[in-house]
Amino acid sequence: MNLLDTLNKEQREAASTTTGPLLIIAGAGSGKTRVLTHRIAYLIEEEGVHPWNILAITFTNKAAGEMRERVDKMVGFGSESIWVATFHSTCVRILRRYIDRIGYDTNFTIYDTDDSKTVMKEVCKRLQYDTKVIKEKALLNAISAAKNELIGPTEFALNAQGDLWSQKVADAYREYQAALHKSNALDFDDLLMLTVELFRSCPDVLESYQERFKYIMVDEYQDTNTAQFELIRLLADQSHNLCVVGDDDQSIYKFRGANIHNILDFEKTYPEARVIKLEQNYRSTQSILNAANAVIRNNMERKDKALWTDAGDGEKIHFRPFETAYDEAEFIASDIARKCKAEHLSFGDFAVLYRTNAQSRILEEQFVMEGMPYQVVGGVNFYSRKEIKDVLAYLKTIDNGQDDVAVRRILNVPKRGIGATTISKVQAFADTSDISFFEALVRAREIPSLGNAAGKLEGFATMIRGFRGEMREFNLKQLLADVLETTGYLEELRTSGEEDAQDRVENVEELVSKMAAYEDEAEEPTLSGFLEEVALVADIDSVGEEGERTLLMTMHAAKGLEFEHVYVAGMEDGLFPGYLTISSDDPSDMEEERRLAYVAITRAKKHLTLSCAQKRMIRGETQYNPISRFVREIPEDLLDRPLPEKKSRAVDEYFDDNDSLFTGFGTGRSSGSSYGARSGESEPDRAPGSGVSYGSSGTFSKAVYSYNTKKTPLTGLSRKTPESKKPFMTKGVTTLSKGMPAAGAKPEYNVGDRVKHIKFGEGTVTALEKHERDYQVTVSFDGAGQKIMYAAFAKLQRIE
DNA sequence: CGTACTAGTCTTTTT
DNA sequence: GACTAGTACG
């Protein structure tokens, strides 16, 4: 019996093509993990490759763990020397060994986004940036993007010439990086960028890894960014035995730097590459696949392919519109409960997917009410909770005294009467003496004008050094217990009287058991090792295999998973696709959102239910959104019930070649009714080019309709452009509008006035036109160009 | 120095 | 609506 007998023809070919570059385009559910594990087994058993020479890289720890497990089963002896790891942990392992070659200490700590923000705040203070104008987050985003593109501070500064904002970023980047370096800390992006830097500046180090990793495999290749691409390229530069697996249709991480062109242009990078497509799907019914195919077909930037199965059509896709988000949640919970009971299913056979984490709460409430077991994946990461970060900061301080962020975080937690004034004096001393913050605490007596604060600081430093001494005799669990005890942290938490104190205590206890588990499992448990493991976990990592509970999670988190029954909630334009996408003038944003829809749909094995709500509270504001365009992209005969008609012509019909904005608002004159049972009442009058809505709006205090069209590859729509609508067409108009529909009143500004918009900043009013129910205002913004909007929605403020 | 209130932001997604 | 950071006040 051959190792590859259980694979289909394409899979077999993919698993047995071992030399040279290989691109496996693996559609959803086409068995790519199977192929990868078989390929590894084939390499070892059929080709006699030493396991030591194999590198398999994934994105999440969960994926790495699963692959490890499956490979272990297939390969047996020697499989432990295969390097199976995530990008980030791979880099950490390499850097722990060699980072001293590029000027860092090998016991560096890893900063999460919170820590980075703290550092950036300091940087902004030092550079005297007004953080109301220059946001820390914006700077960090820009820096992160640069790092993902392997652009260091120096190069960034060179490129920034002539651009004011870029120069600001460049200065912040330089300072930020210096601060990290001083704290001997790396952020997530540094892990990748510095590994590449290490390889580029130390050819001998690179060579040693090239010699080790003769066969490289990369999973989820469509999500790699430029830094990851370069890392892989360097490692594979000798052997060229590089096998990448991915699905361009499932590329959903552009926002964090993923470059879909890595997969689309693989054959350009490696002209000798073989390409194998896996299109047979072993997961879903043909109906589900047809729906997924129909949606993704609307994307332009993709490799042509279509999933198929021989499993049969299965049942139709359920579409359930509701009046409110509450109704929707109620339906989902009760439907799952009903099916579980009637068909003797496990709650674990179900998953509910949504676009934003904020949607989980209302669903959770219903699950609680029905008494159903569930687990919300994501949301606030366990390791980013305040109490966990506090405790970890103690451990980091003990582990690496150079980590200023950690030291400052806990210096006065629990309260030791050390205030901001004292801290800034210490910081100033540390800066002028060019020592770490912690070192400054040790030498507190040398700092002038501290008074009796010096004693407190010394006491703190002595305590920390006491903990360090304990590391020699105590194990990790004892050390942590002593930290919690001696610092009085747990005590303070218990007696704080805060409402969620009990939860927090439990979280800390959870951390204690995680540490104990680490100590039991790790070969050589160290404090650094624990902190490192903890720094690199993702939400999805904690989702175990089995479980009698329904998972609630974002569509992003669901990638790679599958369920018998899948509910996708909130299929509404404005929510999914999100309004930011709808109003974006980059068409690839909508394509990314559509790929997300594709991912969501293809999670379902047998039963898929799409639902939406006409009315929903988002960010404390009631919104009225139409049915998602992604639902409308599914052929109606695949759905179990007809879609309500759009109540007006498709917005696309109004325009042909420009991005345009249309807003309208309901009148609130008829009672709200759900789609299925719309009253026969005439629809509200609409301002020209008003948004599409279904049904009539009920009485409400706030409503939002926002529309924006662009050149979409939507087929079958005529593109009539009535002359009367022409005046509304403006080049480059992209916005969203929201606010009270208290329209009609003349705005307090006039043509020529300077106004301020919440998103676009300042500009000059160039036109003001009275319309049926609102004023239409045209503004030429200083930074964002010309925009046309309705006065009631735009919330423009006149400035002097 | 610590507490209590206010304003602003967020909600797209994460290693 | 919920959280957080910043400010005013005790």
Using a heavy-atom cut-off of under 4.0 Å over every strand shown, decide if Gly417(A) touches base, sugar-phosphate, or nothing. sugar-phosphate
What nucleic acid atoms does Phe59(A) come within less than 4.0 Å of, heavy atoms only: base, sugar-phosphate, or nothing? sugar-phosphate
One thing to verify: whether Arg504(A) and Asp390(A) come together as a salt bridge, which I'm taking to mean a side-chain N less than 4.0 angstrom from a carboxylate O. no
Please state the P separation for the pair dT13(B) and dT4(C) - nearest whole angstrom. 15 Å
What nucleic acid atoms does Lys456(A) come within less than 4.0 Å of, heavy atoms only: base, sugar-phosphate, or nothing? nothing
Report yes if a side-chain nitrogen or oxygen of Lys135(A) is closer than 4.0 Å to either non-bridging phosphate oxygen (OP1 or OP2) of dT9(B); otherwise report no. yes
Are the charged groups of Arg629(A) and Glu633(A) less than 4.0 angstrom apart, N to O? no
Touch class at under 4.0 angstrom, heavy-atom based, for Asn61(A) against every strand present: nothing
Between the protein and nucleotides 4-10 of chain C, list the N/O to N/O atom pairs that are separated by less than 3.5 angstrom.
none

So, is Thr113(A) near the phosphate of dT14(B), with a side-chain N or O under 4.0 Å from OP1 or OP2? no
Hey, what are the protein-to-nucleotides 1-3 of chain C N/O distances that come in under 3.5 Å?
| from | atom 1 | to | atom 2 | distance (Å) |
| --- | --- | --- | --- | --- |
| dA2(C) | OP1 | Arg361(A) | NH1 | 2.9 |

Using 30° and 60° as the class boundaries, would you call the ring planes of His88(A) and Phe188(A) parallel, tilted or perpendicular? perpendicular
Partners meeting side chain to side chain donor-acceptor pair (under 3.5 Å) with Ser360(A) (sequence neighbours left out): none
Looking at Glu592(A) and Arg595(A), is any side-chain nitrogen of the basic one under 4.0 Å from a carboxylate oxygen of the acidic one? yes
Mind checking Tyr253(A) for me? I need base, sugar-phosphate or nothing, with any heavy atom below 4.0 Å counting as a touch. sugar-phosphate
Which residues in residues 407-416 of chain A have a heavy atom closer than 4.0 Å to any atom of DNA chain B? Asn412(A), Lys415(A)
Can a salt bridge be assigned to the pair Asp589(A) and Lys254(A) using a cut-off of 4.0 Å between side-chain N and carboxylate O? yes
Would you mind classifying the nucleic acid contact of Ala420(A) as base, sugar-phosphate or nothing, using non-hydrogen atoms under 4.0 angstrom? sugar-phosphate
Sequence neighbours excluded and cut-off under 3.5 Å, please list the side-chain donor-acceptor pairs for residues 127-136 of chain A, or say none.
| from | atom 1 | to | atom 2 | distance (Å) |
| --- | --- | --- | --- | --- |
| Tyr129(A) | OH | Lys168(A) | O | 2.7 |
| Asp130(A) | OD1 | Lys132(A) | N | 2.9 |
| Lys135(A) | NZ | Lys132(A) | O | 3.1 |

Counting the atoms with a prime plus P, OP1 and OP2 as sugar-phosphate, which does Thr422(A) contact under 4.0 Å by heavy atoms, base, sugar-phosphate, or nothing? sugar-phosphate
Winner on side-chain proximity to His556(A), out of dT14(B), dT13(B), dT11(B), is dT13(B)
With sequence neighbours excluded, tell me which residues meet side-chain contact (heavy atoms from CB on, under 4.5 Å) with Gln427(A). Arg408(A), Ala430(A), Asp431(A), Phe437(A)
